[in-house]
Protein chains: 2
Amino acid sequence: MIQLRKDTDLAFFLLRHFLKQPKGFQTSAKSLSESLNLPYPTVSKILKVLNKNSVLESVQGSKGGYGLGAVYEEFSVGQLIEMIEGPIALTACTSSTEQNCVSQAFCGVHPHMELMNRVIRDALMALPLSYLVNKPQRYPKKQEVTAFWKQYFDEGNRV
Amino acid sequence: MIQLRKDTDLAFFLLRHFLKQPKGFQTSAKSLSESLNLPYPTVSKILKVLNKNSVLESVQGSKGGYGLGAVYEEFSVGQLIEMIEGPIALTACTSSTEQNCVSQAFCGVHPHMELMNRVIRDALMALPLSYLVNKPQRYPKKQEVTAFWKQYFDEGNRV
DNA sequence: TCATATAGTACCGTTTTAGTACTATATATT
DNA sequence: AATATATAGTACTAAAACGGTACTATATGA
């Protein structure tokens, strides 16, 4: 089903809470987990990863907590996914980190798999994190999606 | 890693062998598994699914086997993926078959997840199976990929 | 009638994922 | 300086999904 992992899904959910808050907002993993009725260890684990990748920033100690990182706007949906679950790769042989397919030389599918993967990866990398709050909450209309991609190409970007 | 299942990957590999053969070519699962040095049950299982979905056609009994279906050209890469591993859905809530997310009403991420998912799904649905053999075997250049999508939009298609 | 092929179902070991627990470190407050 | 409370990091365990196999039924040419 080409599915995101549950913790990646949750990462989007959590991040959106920070994005919706006023600038400078800070909260602890504990209070966040309580207000959202989610298990603390799970929430904590994800926030740690986001902090390590500078999407969030943290303050340790008493009165500490997490807030949006100064450069969070630089990141994309695709980057967030890769922070949590590693390279976006349809198959192991499309991942740049592990390429141990012995039949790659004669497999023939590889270049096509590369294309499929690049299409998916670039699409996700083109979506900025801010999109999570800046766009309307309703289901996007087909025209809007088309317009997004039209603009993407018109701006000189390439798949 | 948003990964295809191994059997889906293998399905592409197997299908490509049929696509490369002259029209009317027919082979048994057993001989195919032997020539490719793959376990017979695994090969057999996948060919059965492809036959059930009319990508392949089968003849039972002695001298039987599998060959390309009469309408195989109608199918896309995305459809093949869904035949093997079900709906292309980044999360359970983006699948049309199972939508049991209790917090969907207030989650807020949902419409954005829908967009991400549609981008991916439509991209894969736009790639015809014939692409697996019709395009050159080398790694596609960035310009070629761009051209593919340019044409896709120019033809009036929408994401 | 037999040999050989596909069709369908059910099972089990392995791997991955999801969730938890524990220890170390940092800092505001007293 | 001691304490309470937060993050940082690591390691572990239970549950679910996946990969692979085995078995039975059915179809067909020789």
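So you know, we letter chains A, B, ... as the sequences are listed, proteins then strands, and number each from 1.
The distance between atom CG of B/Asn53 and atom P of C/dG8, rounded to the nearest whole Å, is 11 Å. Protein atom CD1 of A/Ile2 is 17 Å distant from nucleotide atom P of D/dA17, rounded to whole Å. Following rounding to the nearest Å, A/Lys30 (NZ) and D/dA4 (P) show an atom-to-atom distance of 15 Å. Whole-Å rounding puts the B/Gln3 CD to C/dT16 P distance at 9 Å. For the pair B/Leu56 CG and C/dT6 P, the interatomic distance rounds to 11 Å; values are reported in whole Å. Between B/Arg5 atom CZ and C/dT17 atom C1' there is a gap of 16 Å when expressed in whole angstrom units. One interatomic measurement links the two molecules: CG of B/Leu10 to C1' of D/dT21, which rounds to 15 Å at whole-angstrom precision. Atom P of nucleotide D/dG20 and atom CG of B/Asn37 are separated by 13 Å, given to the nearest angstrom.
Using a 4.0 Å cutoff on non-hydrogen atoms, the parts of residues 41-50 of chain B near DNA chain C are B/Lys48, ordered by number.
Of the residues A/Leu4, A/Leu10, A/Asp9, A/Val49, the one that meets the side chain to side chain contact (heavy atoms under 4.5 Å, CB included) test with A/Ile84 is A/Val49.
Picking from C/dG19, D/dG19, D/dT7 the nucleotide with the shortest atom distance to the side chain of A/Lys6 gives C/dG19. Each of D/dT21, C/dA26, D/dA6 was ranked by its minimum atom distance to the side chain of A/Gln60; first place goes to C/dA26. When the nucleotides C/dA18, C/dA28, D/dG29 are ranked by their closest atom to the side chain of B/Ser62, D/dG29 comes out on top.
B/Arg121 places no side-chain N or O within 3.5 Å of a backbone atom of B/Ala89 that could act as its donor or acceptor partner. In this structure a side-chain-to-backbone donor-acceptor pair under 3.5 Å is present from B/Asn117 to B/Leu90. At distances below 3.5 Å, at least one donor-acceptor pair connects side-chain atoms of A/Gln79 with backbone N or O atoms of A/Ser76.
Side-chain contact of A/Ser130 with A/Glu73: a donor-acceptor pair under 3.5 Å is absent, judged by distance alone.
The residue among A/Gly61 and A/Tyr40 whose nearest nucleotide of DNA chain C lies closer to the 5′ end is A/Tyr40.
Contacts classified as salt bridge (Lys or Arg N to Asp or Glu O under 4.0 Å) and involving residues 29-46 of chain A (residues at least two apart or in different chains) are given here: A/Lys30-A/Glu34.
Of all heavy-atom pairs spanning A/Ile46 and A/Leu14, the tightest one is CG2-CD1, 4.0 Å.
Between A/Tyr66 and the phosphate of D/dA8, there is a side-chain N or O to OP1/OP2 separation shorter than 4.0 Å. Of the side-chain N and O atoms in A/Asn51, one or more sit less than 4.0 angstrom from OP1 or OP2 of D/dA8.
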